[in-house]
Amino acid sequence: MKAGLVQLCSGDDPVANLGATRDLIAQAAAQGAGFVLTPEVTNCVSQDRAHQRAVLQPEADDITLAGLRSTARELGIWLSIGSLALKTQGDDTRFANRSFLIGPDGGIVARYDKIHMFDVDVSATETFRESAGFRPGDRAVVAQTPFARIGLTICYDIRFAYLHRALAQAGADILLVPAAFSPVTGAAHWEPLLRARAIETGCYVLAAAQTGSHPIRHGKPRQTYGHSMAISPWGEVLVDMGPETGIAILDLDLVQVAQSRQRIPALTHDRPFESP
């Protein structure tokens with residue numbers, strides 16, 4: 001299976017973002033990718049809650065989800081929509097940060113709502129309170145496909161090793177980490193965290209990312225780190241896309257998953273212990 005990473009610089013206009021995203025997905029499919037991956041918040045990068053309430057939609061009405069399901073069907077590909085910001089039932093103040101795995105028939109194979117919320121003070125001028133605008137999920141997800149079992153995560157989840165270990169022990173061969181990482185934390189932690197999760201689990205780690213200075217018309221500006229990456233089950237960096245938008249294609253060989261776990265069978269070596 002060839003996989004295609006899509007690196008975007010989404011703005012706060014879902015209509016414009018959809019066109020740019022579909023173009024890059026088509027380019028990846030034209031280069032042979034049968035599994036294409038987009039970043040976190042593919043549909044709308046914004047921290048302006050009023051603007052989000054104006055442009056975001058529930059899952060059933062979201063134009064990005066509908067458009068990308070059609071794209072997957074037209075191209076006959078598997079598609080990971082890294083995540084979409086969506087309105088939710090029963091919560092008028094917070095949205096869902098939801099990932100979708102789409103099959104070649106355009107059907108939704110799996111959904112995952114981001115569990116861990118990015119509530120941090122990165123610097124004196126860069127503060128995030130994701131939980132103020134997004135409702136956390138509470139369920140880990142492994143999706144079965146004909147080519148691999150896929151564990152779904154989103155961005156800040158990468159810092160929680162136990163989630164990725166649970167996904168691998170539940171059968172995942174590939175872990176997805178779509179992201180919109182801060183440039184500060186990205187430069188310091190992005191690659192080491194991705195490599196650590198691959199090494200600990202013996203999984204491929206595929207991380208499609210947002211990048212650059214985002215075209216935001218409402219609210220404060222936003223920059224993201226980029227550097228979409230693919231990491232082998234042995235922890236090698238197979239792809240680093242740097243800061244530019246575009247696509248990258250790589251071959252996935254699940255034999256490497258089995259070989260890595262045979263060499264270091266750490267997933268079978270858990271021991272009970274008393275907490276300090």
Side-chain angles (χ1 to χ4, degrees), residues 1-6 21 25 28-29 33-43 59-60 62 64-66 68-73 75-86 96-116 136-158 160-179 194 197-198 200-209 228-233 250-258 260-261 267:
M1 173 65 78
K2 288 186 181 294
L5 297 177
V6 172
T21 303
I25 292 171
F35 180 34
V36 181
L37 305 89
T38 75
E40 184 180 23
V41 286
T42 289
N43 62 333
E59 177 181 316
D62 185 71
T64 305
L65 179 58
L68 296 185
R69 289 180 65 184
S70 294
T71 298
R73 183 171 59 250
L75 298 174
I77 60 170
W78 286 86
L79 176 63
S80 163
I81 305 173
S83 83
L84 301 175
L86 299 168
N97 191 348
R98 182 170 297 159
S99 183
F100 293 89
L101 183 65
I102 308 300
D105 62 354
I108 298 172
V109 175
R111 298 171 177 83
Y112 166 72
D113 284 5
K114 185 177 182 179
I115 292 173
H116 301 97
D138 58 8
R139 185 174 67 91
V141 176
V142 174
Q144 181 70 51
T145 76
F147 60 92
R149 289 157 295 187
I150 298 174
L152 307 183
T153 79
I154 300 172
C155 201
Y156 189 52
D157 285 332
I158 192 63
F160 300 87
Y162 55 78
L163 172 60
H164 299 79
R165 186 174 188 83
L167 293 170
Q169 290 179 326
D173 308 298
I174 299 170
L175 300 174
L176 306 186
V177 192
L194 294 174
R197 298 297 86 84
E200 291 162 354
T201 64
C203 288
Y204 277 100
V205 174
L206 305 181
S228 297
M229 287 192 177
I231 312 295
S232 80
L250 71 146
D251 289 307
L252 300 176
D253 178 7
L254 293 192
V255 171
Q256 293 190 28
V257 174
S260 295
R261 292 175 178 176
L267 290 175

Exercise for the section: Would you please test Phe35 and Thr145 for side chain to side chain contact (heavy atoms under 4.5 Å, CB included) and show each step? Expected result: CA-CA 11 Å; Phe35 180 34; Thr145 76; over 6 Å; no
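- Looking only at side-chain heavy atoms (C-beta outward), Thr64 and Thr21 stay at 4.5 Å or farther from each other.
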Handout entry: Worked check of side chain to side chain contact (heavy atoms under 4.5 Å, CB included) between Arg165 and Cys203
Key = CA-CA 10 Å; Arg165 186 174 188 83; Cys203 288; over 6 Å; no
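- Between Lys2 and Asp251, at least one side-chain nitrogen of the basic residue sits less than 4.0 Å from a carboxylate oxygen of the acidic one, meeting the salt-bridge criterion.
- Using a 3.5 Å distance cut-off with no hydrogens or angles, the side chains of Tyr112 and Asp157 do pair a donor with an acceptor.
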Handout entry: Stepwise side chain to side chain contact (heavy atoms under 4.5 Å, CB included) check, Leu101 with Ile108
Key = CA-CA 6 Å; Leu101 183 65; Ile108 298 172; over 6 Å; no
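- Scanning for side chain to side chain donor-acceptor pair (under 3.5 Å) contacts around Ser80 gives an empty result, with sequence neighbours left out.
- Judged by distance alone, the side chain of Ser260 and the main-chain N or O of Val257 form no donor-acceptor pair under 3.5 Å.
- Between the CD1 atom in Ile81 and the CG atom in Leu65 there is a gap of 5.0 Å [rounded to 0.5 Å].
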Handout entry: side chain to side chain contact (heavy atoms under 4.5 Å, CB included) assessment of Arg98 paired with Leu84
Key = CA-CA 5 Å; Arg98 182 170 297 159; Leu84 301 175; 5.6 Å; no
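- A heavy-atom distance below 4.5 Å is not found between the side chains of Arg261 and Pro233.
- The two residues Ile158 and His164 have their closest heavy-atom pair at CA-CE1, 3.6 Å.
- Scanning both residues, Arg149 and Gln144, for their nearest heavy atoms gives CG-OE1, 3.0 Å.
- When all heavy atoms are compared, the tightest approach of Arg111 to Leu152 is C-CD1, 4.4 Å.
- The shortest heavy-atom contact between Gly151 and Ala172 is N-CB, 3.8 Å.
- Side-chain contact between Ile150 and Tyr204: absent, with no pair of heavy atoms (C-beta onward) separated by less than 4.5 Å.
- When Thr153, Val141, Leu176, Thr201 are each tested for a side chain to side chain contact (heavy atoms under 4.5 Å, CB included) with Leu167, only one passes: Thr153.
- Taking CD1 from Ile154 and NE2 from His116, the interatomic distance works out to 12.0 Å, rounded to the nearest 0.5 Å.
- Distance check, rounded to the nearest 0.5 Å: CG of Asn97 to OH of Tyr156 gives 14.0 Å.
- When atom types are taken as modelled, the side chain of Ser99 and the backbone of Ser83 share no donor-acceptor pair closer than 3.5 angstrom.
- For Pro146 against Trp78, the heavy-atom pair with the smallest separation is CD-CZ2, 3.3 Å.
- Scanning all heavy atoms of the two residues, the minimum distance from Leu5 to Ala230 falls at CD1-N, 4.1 Å.
- Considering only heavy atoms from C-beta on, Leu79 comes within 4.5 Å of Leu68 through its side chain.
- Around CG of Asp138, the count of heavy atoms belonging to other residues, nucleotides or ligands within 6.0 Å does not exceed 12.
- With a 4.5 Å cut-off on side-chain heavy atoms, Leu252 and Leu206 count as touching.
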